[in-house]
Amino acid sequence: MANIGMEKVYQEFDPVTRWTSEPDAEILVVDLPGFKKEQLKLAVSSTRKLRLTGERRTGGHKWIRFHKEVLVPLTLDIDSVSATFKDNKLYVRHPKVKKTQVPQTKPPVIKKPHDQHEKNRGQGSKASQSGVKTEQRKHDARKKEAADEPREALSSKDHEEKDKVGAKWFEKYKQATGNMVKEAKNKRQLLCNLAASISLVLLILLYARNAVRSSLVWNSEE
């Protein structure tokens, strides 16, 4: 009854540990003088740490306790751990992992800043070159369009000029032809008048000849 309500006073204890080997296992030996099996706790974490804890009473309200963590190597199987306690020693047995069961872990690849910079610069250079090519194609297309438009305008203008020249020459041809026809008509009229005049002269001459003959006949008859 004298101990009721009294707080425990703990003394920290750091047990001695060592590894021993067997053909198919590695055994962790922990020296725990004064401890009993029921005063110990054993657990294996997901991070491959073996956690050992225990406490015992030394007298009155004084206690001794320990907390120990041991990292289990990758070559050992943490799913098949077994423990035995004998002669103040805790034996924790870890079976060895078969070679086919050893997890294949690749070390992380650390990219050097220089390499990353080179890669980014290469990507930037490719993007820049692609942009330059695109701009060059656009520039060529605009240049071609600009070259085609004046050609079409020039062609249309040439057609207009040719049409004007053709119309001008046609008018000149028409005028010249009209003049020639008019001159021909005038010449024809002139020829007709000349022929009529000649015919009239011939008729007059013929009439005069007949008149002279008739007067000669009458004179001979008298």
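- Remark: Leu32 CG to Asn88 CG distance equals 8.0 Å, nearest 0.5 Å.
- The backbone N or O of Gly60 lies less than 3.5 Å from a partner atom in the side chain of Arg57, making a donor-acceptor pair.
- Atoms NZ and OH, from Lys89 and Tyr91 in turn, are 5.5 Å apart once rounded to the nearest 0.5 Å.
- Hydrophobic clustering, with ILVMFWY side chains joined whenever heavy atoms are under 4.5 angstrom apart, keeps Leu71 apart from Val81.
- In this structure, NZ in Lys96 is found 5.5 Å from OG in Ser21, a value given to the nearest 0.5 Å.
- Using a 4.5 Å cut-off between side-chain heavy atoms of Ile, Leu, Val, Met, Phe, Trp and Tyr, with links allowed through other members, Leu42 and Phe85 fall into the same hydrophobic cluster.
- Nearest approach of Pro95 to Ala25, heavy atoms of both residues: CA-CB, 3.9 Å.
- Applying the salt bridge (charged side-chain N to carboxylate O under 4.0 Å, His left out) definition to pairs two or more places apart or across chains, those involving residues 14-25 are Asp14-Lys68, Arg18-Asp31, Glu22-Arg93, Asp24-Arg93.
- The ring-ring contact (aromatic ring centres under 6.0 Å, His included) check on Phe66 picks up Phe35, with sequence neighbours excluded.
- Contact check for Arg48 versus Leu74: side-chain heavy atoms found under the 4.5 Å cut-off.
- Separating the CH2 atom in Trp63 from the CZ atom in Arg56 is a distance of 10.5 Å, to the nearest 0.5 Å.
- Under the 4.5 Å side-chain heavy-atom criterion for grouping Ile, Leu, Val, Met, Phe, Trp and Tyr, Ile27 is not connected to Leu52 through any hydrophobic cluster.
- Residues Asp77 and Val97 approach most closely at N-CG2, 3.4 Å, considering heavy atoms.
- Annotation for Lys8: atom NZ counts as buried by contact number, over 12 foreign heavy atoms lying within 6.0 Å.
- Considering CD1 of Ile78 and CG of Leu50, their distance stands at 10.0 Å, rounded to 0.5 Å.
- A distance of 6.0 Å separates NZ of Lys41 from OG1 of Thr53, quoted to the nearest 0.5 Å.
- Tracing side-chain contacts under 4.5 Å through hydrophobic residues (I, L, V, M, F, W, Y), one reaches Leu28 starting from Phe13; they form part of the same cluster.
- When side chains are defined from C-beta on, Ser45 counts as touching Arg51, because their heavy atoms get closer than 4.5 Å.
- Thr20 is listed as a side-chain neighbour of Val29, based on a closest heavy-atom distance under 4.5 Å.
- Side-chain heavy atoms closer than 4.5 Å link hydrophobic residues (I, L, V, M, F, W, Y) into clusters, and following such links, possibly through other members, connects Val30 to Trp19.
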CA sep, side-chain torsions, deciding dist, call: Glu12, Arg65, side-chain contact (heavy atoms from CB on, under 4.5 Å): CA-CA 5 Å; Glu12 300 296 333; Arg65 66 182 179 181; 2.8 Å; yes

